[in-house]
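Report on one structure; see the data block that follows.
Note that the structure is a prediction, hence the values are computed from the model and not measured.
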Amino acid sequence: MEMNLAIRALGALAQETRLTIFRLLVQAGESGLPAGQLAKQLDIPNATLSFHLKELVHAELVVARHEGRFIYYSADFATMNSLLSFLTENCCAGIPCNTVEIDCDETRS
């Protein structure tokens, strides 16, 4: 991961509402959540949600997809894993550590 992307991602997450949104999307898995449901769960106006989602999309932590009239947002697990790897790449005094990669394969039981 490039330093600039890591800074953008960490900056986007360094705000309470955006961190809460991202955590909800991580919990939702790859299917994500529609914008309206996010606004309802967080009890925030659509315009406020839109502002925060734009920041998370710009930081490449969240992706949006259209399904009919709805926009679904989901966490970008590849970017999340890349950020975690970036943050821990020099841990353990330079000795490679066992890293855990998040896989939200919803087909597993």
Side chain to side chain donor-acceptor pair (under 3.5 Å) pairs, two or more places apart, involving residues 54-64: Arg8-Glu60
Hydrophobic cluster membership, Phe22 vs Val63, 4.5 Å side-chain cutoff: no
ILVMFWY network linking Leu84 to Phe77, side-chain heavy atoms under 4.5 angstrom: yes
Separation of Thr17 OG1 from His52 NE2 (nearest 0.5 Å): 4.0 Å
Joint hydrophobic cluster, Phe70 plus Tyr73, side-chain heavy atoms closer than 4.5 Å: no
Non-hydrogen side-chain atoms of Gln41 and Leu33 separated by less than 4.5 Å: yes
Test item: Ser85 side-chain N/O and Asn81 main-chain N/O as donor-acceptor pair under 3.5 Å: yes
Chi angles and distances behind the side chain to side chain contact (heavy atoms under 4.5 Å, CB included) call for Val62, Thr79: CA-CA 9 Å; Val62 169; Thr79 300; over 6 Å; no
Ser74 vs Leu25 side-chain heavy atoms within contact, under 4.5 Å: no
Glu67 CD: over 12 foreign heavy atoms closer than 6.0 Å: yes
Separation of Leu49 CG from Ile44 CD1 (nearest 0.5 Å): 4.5 Å
4.5 Å side-chain heavy-atom contact, Leu53 and Leu38: yes
ILVMFWY cluster, Tyr72 and Leu61 together (side-chain gap under 4.5 Å): no
Hydrophobic cluster membership, Ile71 vs Phe51, 4.5 Å side-chain cutoff: no
Close side-chain approach of Leu10 and Leu87, heavy atoms under 4.5 Å: yes
Under 3.5 Å: donor-acceptor pair, side chain of Thr20, backbone of Glu16: yes
